[in-house]
Structures are given as C-alpha cells and as structure tokens.
There are 2 protein chains.
Amino acid sequence: MSEKPGSFAYDGLDRVLHEKARLGILTSLFSHPEGLVFGEIKSLCTLTDGNLSRHLQVLEREELVEIVKESGSGRPKTTVFITPLGRERFQEYLVELQTVLQAAKAAEKATGAQPGFSPA
Amino acid sequence: MSEKPGSFAYDGLDRVLHEKARLGILTSLFSHPEGLVFGEIKSLCTLTDGNLSRHLQVLEREELVEIVKESGSGRPKTTVFITPLGRERFQEYLVELQTVLQAAKAAEKATGAQPGFSPA
DNA sequence: TAAAAACACTTTACAAAGTAAAGCTTGGAG
DNA sequence: CTCCAAGCTTTACTTTGTAAAGTGTTTTTA
C-alpha cells in the first residue's frame, strides 16, 4: 500500500455541517441571501417543526446563521440568514466534499470500476 | 421563492455512509478492492482501535463490508473488503454528494458569491 | 528466560446528537 | 364564541459517535 497515514481521515468534514438536515438548511440559506422564514425552510428541507427548531439552535450557537424574530403583534415570524462565517465554513466544507469525490473518482479509474456517477 | 418543497431534503444522504469515519473507511476500501487489514485502515483514516472496531461492526451489519478474520496461530489478522452492495451504495451516495455541490455552485452563480471552491 | 513493550483487537461506558411527540400561544374561519 | 390551523419551543427518548479500559498474544530486551 502506498498512501500516507491520514489520507482518508477527512478532518475538514465539520461535524456541525456534515449532517443531512443542517446541510440542507445551510444550502437553502446559501441560495437565499435575502433570508428565509421558518416555514419556508421547513418545507424546502422537509423537516418537522421541532427538528428545524433544534438544528437552528445549533447553527445559531455556532454563529453560522442569524435568527431574527418578530413577534410584536401578529403571528411570530422567524427569519433566518446565513452569516458571513456561515458562508465561509460552508464553502470550506464543500471543498472537502470535492476531495472526497475526487478520491473516489481516482479510485474508479485505478480499479477500473464502473462509474456510478458522472464527472462534473 | 421558487423552489419546490423538499428541494434541499437530501434524502439520498444515507445515514450509514454520511459519517466522517465511515465515509473514510469506505473510500479507502473502495480504492483497495484487494482488501485492507485493520491496522492499515486505522492508519489511513486516523482512527482509534475502538472507533474503527465499532464502525466496522456497523458497516458489516449493513453488509457494506465483509470481514475476514484469521486467528489460527500467530497474531489475529482482520482483513476487510467492500462488498458489491457497498460499492453500489457508496456510488449512490457520491451521486447525492454531487447534487449538493451542484446546488451550491448554482447558488454561487445566482447570488454572485465569491467561489470558495473551484469547479470540478 | 523473565519482564516489558507492542500488536491486534473487543467491550464497556459516557456524552452528544437526531428525532418525534407534546405543549403553548396567537390568528382566522365558520 | 368555538374550533382549527399556523408558528414555533420544550421535553423526552433513542441512537450514535468517541474514548478509555480490558484481553490475549507476540515480539523485544535485559
């Protein structure tokens, strides 16, 4: 074997971002710099109320999103924005994702496996 | 907003595969159809013994890997192979990963964000 | 040839996290 | 006025990831 130790460690795969639900939330927010309201995110990501609420807490604690609540009179309205830090971390995460994909692509070539996904 | 519900749900992100450690293990095994021994995987993925052991259990239970143990005389030797099902699921997972990346790329274009990662 | 260190794991225990169910408040429809 | 729906939060549960300790063997090395 020729690889160096740690070749497949993927340390850059941030645990906060590397989660199905939060990845969806962040991607949707990344696509909508104008922000999204609670209900929209819920629908876009197919999450339950409680689920979304909890994940937003995590993302807010990490300062990856900003949450603005309007509740004066009328129904409460929660709008969520991705922060600059959030954009940054998200993009770093994507870089790591590409690394994974490229490692796999290289393996397909090397081992002669049938490509299961098309090159970008 | 124009997207359909569920656009960012990423249901294809299989929970068994969508985990840092296991993703590394599978990628390394995918790259080595001849199999890898316990110690090699441990080194390649920078995992502790217990950690690797546990994740291998999960992967074996899901029939994504095959584990062969030789223990007659001499030190025990555990060799791990990716199964055909494992290759399949892994490749499906990669397809979903590309979806995520492409959604992000599209968002960068649409919102005019600075690319944080280069196109494949 | 004992004792010690290294290998090769497994088991156990703990802490964090994801998920679902229930709860609470306000708004609108009938 | 009553009932149902919208818009969340809180709580409780279950799974999971991670690390620490444990077991047995096999080389060193003194």
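Each chain gets a letter, A, B and so on, in the order its sequence line appears, and its residues count up from 1. Keep in mind the model is a prediction, meaning the values are calculated, not measured.
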Separation of atom [atom1] in [X] from atom [atom2] in [N], rounded to whole Å:
X: B:Leu52; N: D:dA19; atom1: CG; atom2: C1'; value: 14 Å
X: B:Glu40; N: C:dC9; atom1: CD; atom2: P; value: 11 Å
X: B:Asp14; N: D:dT15; atom1: CG; atom2: P; value: 17 Å
X: A:Glu70; N: C:dT25; atom1: CD; atom2: C1'; value: 17 Å
X: B:Ile41; N: C:dA8; atom1: CD1; atom2: P; value: 13 Å
X: A:Ile67; N: D:dC8; atom1: CD1; atom2: P; value: 10 Å
X: A:Ile25; N: C:dA17; atom1: CD1; atom2: C1'; value: 14 Å
X: A:Lys20; N: C:dA17; atom1: NZ; atom2: C1'; value: 15 Å

[options]: which one has an atom nearest the side-chain heavy atoms of [X]?
X: A:His55; options: D:dA5, C:dG18, D:dT9; value: C:dG18
X: B:Ala21; options: D:dC8, D:dT18, D:dA12; value: D:dT18
X: A:Arg15; options: D:dA19, C:dG27, C:dA17; value: C:dA17
X: A:Ser53; options: D:dT10, D:dA6, C:dT10; value: D:dT10
X: A:Gln57; options: D:dT10, C:dA20, D:dA19; value: D:dT10
X: B:Asp49; options: C:dA20, C:dC9, D:dC8; value: C:dC9
X: A:Glu19; options: D:dT18, D:dA5, C:dT19; value: C:dT19

### Task
Identify the heavy atoms of B:Leu13 and A:Lys20 that sit nearest to each other, and give their distance.
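For B:Leu13 versus A:Lys20, the nearest heavy atoms are O-CD, 3.3 Å.
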
### Task
Grab the two heavy atoms, one from A:Phe81 and one from A:Pro33, that are nearest each other, plus how far apart they are.
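Answer, listing the atom of A:Phe81 first, then A:Pro33: CD2-O, 4.0 Å.
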
### Query
Which part of the nucleic acid does A:Lys42 contact within heavy-atom distance under 4.0 Å: base, sugar-phosphate only, or nothing?
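It contacts nothing in the nucleic acid.
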
### Task
Scan A:Lys77 against the nucleic acid and name what it touches under 4.0 Å (heavy atoms): base, sugar-phosphate only, or nothing.
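Result for A:Lys77 = sugar-phosphate.
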
### Task
Mind checking the CG-CZ spacing from B:Leu59 to B:Arg89? Nearest 0.5 Å is all I need.
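The distance works out to 9.5 Å.
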
### Query
Do the rings of B:Phe90 and B:Phe30 sit parallel, tilted or perpendicular, given the 30° and 60° boundaries?
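It falls in the tilted class, 30° to 60°.
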
### Task
Would you tell me whether A:Glu60 and A:His55 have side-chain atoms, one donor and one acceptor, within less than 3.5 Å of each other?
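Side chains of A:Glu60 and A:His55: no pair found under 3.5 Å.
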
Kindly say if [X] contacts the phosphate of [N], meaning a side-chain N or O under 4.0 Å from OP1 or OP2.
X: B:Thr78; N: C:dC9; answer: yes
X: A:Arg22; N: C:dG18; answer: yes
X: B:Lys69; N: C:dT10; answer: yes

### Query
Would you say B:Glu88 has more than 12 foreign heavy atoms packed within less than 6.0 Å of its CD?
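Yes, CD of B:Glu88 has more than 12 neighbouring heavy atoms, counting only those of other groups under 6.0 Å.
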
### Task
Please figure out whether A:Pro76 or A:Asn51 has its closest DNA chain C nucleotide nearer the 5' end.
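Going by which nucleotide is closer to the 5' end, it is A:Asn51.
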
### Message
With hydrogens left out and only the distance checked, is there a donor-acceptor pair under 3.5 Å joining A:Arg54's side chain and the base of C:dT19?
### Response
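Result: at least one qualifying N/O pair found.
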
